[in-house]
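Data first, discussion second: the structure below is written as C-alpha cells.
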2 protein chains.
Amino acid sequence: MVTMNDVARAAGVSMMTVSNVLNDRPRVGKETRARVLDVVAHLGYEINLTARHLRAGRTDTVAFVVPGFQTYFDEIADRLAAAFGAQGRHLVVESTGARPENELAALSSVRLSMYDGVILSVAGLTLTEIEGVRTTAPLVLLGEVEVPERFDHVMLANAEGAALATARMLATGSRRIAIAGGDPGGPHDGAGMAAIRRAGWVRAHEGAGLTADPALVAPGAGVGPEVGREAVRHLERSGVDYDGVFAVTDSTAVGVLAGLAEAGRRVPQDVQVVGFDNLDLAEFTVPGLTSVDPGRDAVAHHAARLLQRRIDGATPEPEHVVVPVRLVERGTTRAS
Amino acid sequence: MVTMNDVARAAGVSMMTVSNVLNDRPRVGKETRARVLDVVAHLGYEINLTARHLRAGRTDTVAFVVPGFQTYFDEIADRLAAAFGAQGRHLVVESTGARPENELAALSSVRLSMYDGVILSVAGLTLTEIEGVRTTAPLVLLGEVEVPERFDHVMLANAEGAALATARMLATGSRRIAIAGGDPGGPHDGAGMAAIRRAGWVRAHEGAGLTADPALVAPGAGVGPEVGREAVRHLERSGVDYDGVFAVTDSTAVGVLAGLAEAGRRVPQDVQVVGFDNLDLAEFTVPGLTSVDPGRDAVAHHAARLLQRRIDGATPEPEHVVVPVRLVERGTTRAS
DNA sequence: CTGAAAGCGCTAACAG
DNA sequence: CTGTTAGCGCTTTCAG
C-alpha cells in the first residue's frame, strides 16, 4: 500500500504539502501542486479514508438502517440519499433482516461510531428494549411504534390514514370492510404498526355509527403480498360476507388484488380495496390502487433535518414528528 | 467522548487489559475482567471503530453499490447481506442514483478504502470509462455490460433469457411480438442491458424462421413501469399489429400489463407477456407474470465468492461468470 | 496474567 | 508558500 508519506518522499515535499494538494487547499505553489499530482497518479496513490476519519473525528457518512431492502424503504432511501448528498454526506443503507437483535446492535453499539449519524427504522423492537439503549450518537428513529421520549422520532399519522381509507370505502357503499396484513401472529412482523392502523379502521366505523366486525380481521403475520392473498383466501374459505378490504400496506394490497382475482371478485364493483404507502407501484396495478399517501418527502425531510441538528452538535429538545397523510384515489374504489 | 484510556484509568488497569477484555481474549483474570466490564458499563464506553479500522487495516464491511435502491437490487442485496453476514462481515448498500460519475467515484477513488471490498452494479459506465479505472482494492463487477478482462464480473445470460421468453410466445401462437423497455433514448437508462436482450429477441425470431419487425421495438428509455405503459400506448397509437410483448424487466412488464388493461387487450388471450427478473412481485400480478428467472441466488453466491477470494489476498485469474437463466411460466402466457 | 512502547495514515496548529 | 510537531484511539509486539 502506498501512503501519503511515499508520495511526499517521491515528490520531494512534506506530507503536509501532499495533504494540502489533495484537499485543494489554496496555499500551494502551482508547480509543486502539479508535481505532487503527477507522483500521485504515477504511484497510484489513494487516500486512506479510515485514517482521515480517525483524525477528523467524522466520516461524512450517515446510515439508514432498515428491516429489509424491500419496497417502501427504498423509496425513502432515495430521498434521504438526495437530502444528505446535498450536504456533501454519503448515505449507506444497512439491513437488520427484521431481526430485533440487529436493530439493537445498530443502536446500542459500536457501529454508531462508523457513522456521523444513524436513522433507524424501528420495526421489531419493543418500547422497553429501546428504553435500555444508551447512546449519545446522533440518532433519529423512524417507524410506527412507540419510542421513548428522549429520542427524535418521525412517524406517520397511521390511525388517521387507516380511518381515511376505511371511511372512503364506507362512503361509497361498502358495509363489510375486512382488514388484511400485520395480524399479531408473529411478534416482529409489522404487528405494532398494523395494530395502530387497525385502530383507525375501528374508529372509522364508529365515526359512521357502525361497528367493525372482528370476523373481518384476516389472520396472517407480516405485510407482504403473500399475506394479502392468504387473507382473501381465508375470507373466501370462511364464507364471511365482505365488500371491502383495507390492506395495511400497498404490498399487502397487491396480494389482496391477486387473491380477489383468483376468487373471481370484481374490483371495485364487488369489493373495494385501499392500501397504505402509495408506492410508485400503486399507479400500475390493475385497477390502479387507491392508497394512503404517507408523505415520503416529508418523512425523509424531517428525518434528515432532525439528524442534521444532532450532528451539528446541538442537544435540542427531542422532537416527535407525525407526518400527515392523504388519500390518493384510483381505480380500486368506486367514484364518490 | 470516553476512550479506552479513560476506562483503563478508572479501572486501574492498562489500556491493553481493557482491549483484551473487550475482544474476549483469554488471558485476563476473572476479577479484572468483571471490574473492567463494570467500568465500561458505568462510563458508557463504546469502542471507536474508526480507530480499530485504522489499526487493523480492515473494516469488516463490504459495500454493494447499486444504481438505485429499487426492486431487483433489493432482492440481490438481501442475499448478499446473508452471504457476508455468515462470514462475520457487514454489508452496506450505496446508491449512485444511476449517475455514471458516481459509479466511477465508487470505483476509482477513495471510498474503496472505507471497505474491505466493493461489489459494483454497473449500469451507466461504458467499457472505456471502466478501462481507465486503476484500483487494486477487492472489487467485483455486476451487470449486463461488457467490462474489461481484468475485473471479476458476474452477469446474466441475457440474450439466452430474452430468446427463451420470445420463443415461448412464438411457440404458443404469437407472431407479432413487441419489445418494451430500455430503448437507447437516454444513454444510461439500461440501454446496454436492453440492447443485449433485444438481440435475444431477434435471435428467437430467426430460430423460428421469422424476422423480428423493427416497428415492434417500442421507444422509451428506462426500465420502470412508466416505460412499459408508454410502450403499449405507443403501440396502440401507432396502430401496429401485435400479439405479444417481451418486457426487458419485470418492472417494465408491470407497466405493460397496466397499459394493456387500459387498452382493453386481454392477457394472455389477445396478447401474451413475458418479463425478465422474476421478481417476487411476478407471482402477484393479475394474471401472474411469466418471467425469466435470473438465478439471483447464483448471482449473489458468485459475487460473494469472487469478492471473498480477493479480500483473502489472492490475486487469481479474473473470472467472468455468466449465470444461467430459466423461464418461469405463469398466467401471462398461454398453455403450451 | 498484565503493562509499556510504538505506530496504523492522516491533518490541525503553528513555525519558518 | 512549505515544513515540523503532535496526536486522533486503538492494538500488535515484546517485557515483565
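Naming: A, B, ... by sequence-line order, numbering from 1 per chain. These numbers come from a predicted model, not from an experiment.
Side-chain contact between A/R309 and A/L306 is present, with at least one heavy-atom pair separated by less than 4.5 Å. At least one side-chain heavy atom of A/F84 sits less than 4.5 Å from a side-chain heavy atom of A/I119.
Per the geometry, CG belonging to A/L49 stands 10 Å off P belonging to C/dC10, to the nearest Å. Across the protein-nucleic acid pair, B/E31 atom CD and C/dC1 atom C1' stand 12 Å apart, rounded to whole Å. Rounded to an integer number of Å, the gap from CE of A/M1 to P of C/dG7 is 18 Å. Rounded to an integer number of Å, the gap from CZ of B/R52 to C1' of C/dG9 is 19 Å.
Looking only at distances, no side-chain donor or acceptor of B/R89 sits under 3.5 Å from a matching main-chain atom of B/T59. Distance alone, capped at 3.5 Å, places no donor-acceptor pair between the B/D116 side chain and the B/V62 backbone. Between the side chain of A/E144 and the backbone N or O of A/L156, at least one donor-acceptor pair lies under 3.5 Å. Side-chain atoms of B/E103 do not come within 3.5 Å of backbone N or O of B/T96 as any donor-acceptor pair. The closest donor-acceptor contact from the side chain of B/D74 to the backbone of B/Y72 lies under 3.5 Å.
Sorted by residue number, the members of residues 2-12 of chain B with any non-hydrogen atom under 4.0 Å from DNA chain D read B/T3, B/M4. Near DNA chain C, meaning a heavy atom under 4.0 Å from it, residues 15-25 of chain A has A/M15, A/M16, A/S19, A/N23, A/R25 in order of number.
Partners of A/H320 by ring pair (Phe, Tyr, Trp, His ring centres under 6.0 Å), not counting sequence neighbours, listed by chain and number: A/H153. By the salt bridge (Lys or Arg N to Asp or Glu O under 4.0 Å) test, A/R25 pairs with no residue at all, sequence neighbours left out. Qualifying ring pair (Phe, Tyr, Trp, His ring centres under 6.0 Å) partners for B/H53, counting only residues two or more places apart in sequence or in other chains: none. Taking A/D24 as the reference, nothing meets the side chain to side chain donor-acceptor pair (under 3.5 Å) condition, with sequence neighbours excluded.
Applying the side chain to side chain donor-acceptor pair (under 3.5 Å) test to residues at least two apart or on different chains, none of the pairs has a partner in residues 2-12 of chain B. Pairs engaging residues 29-39 of chain A under the side chain to side chain donor-acceptor pair (under 3.5 Å) rule: none recorded [sequence neighbours left out]. Sorted by first and then second residue, the pairs that involve residues 76-85 of chain A and meet salt bridge (Lys or Arg N to Asp or Glu O under 4.0 Å), not counting sequence neighbours, are A/R79-A/D297.
The terminal axes of the helix from C/dC1-D/dG16 to C/dG16-D/dC1, fitted over 5 pairs per end, subtend an angle of 40° to the nearest 10°.
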N/O-N/O pairs, protein side and nucleotides 14-16 of chain C side, under 3.5 Å:
none

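When heavy atoms are screened at a 4.0 angstrom cut-off, B/G29 is found touching the sugar-phosphate backbone but no base atom. If you check every strand for non-hydrogen atoms under 4.0 Å, B/T32 touches sugar and phosphate atoms only.
Summarising the local packing, CD of B/E146 is surrounded by 12 or fewer heavy atoms from other residues, nucleotides or ligands at distances under 6.0 Å.
Looking at which nucleotide of DNA chain C each of B/S14 and B/L54 is closest to, the 5′-most match is held by B/S14. Each of A/T50 and B/V13 has a nearest nucleotide on DNA chain C; the 5'-most of these lies closest to B/V13.
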> Step by step, would you call A/V93 with A/F73 a side-chain contact (heavy atoms from CB on, under 4.5 Å)?
Replying inline: CA-CA 10 Å; A/V93 183; A/F73 295 110; over 6 Å; no
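Contact footprint of chain A on DNA chain D: nucleotides with an atom under 4.0 Å from a non-hydrogen protein atom, first to last in 5' to 3' order, D/dC1 to D/dG9.
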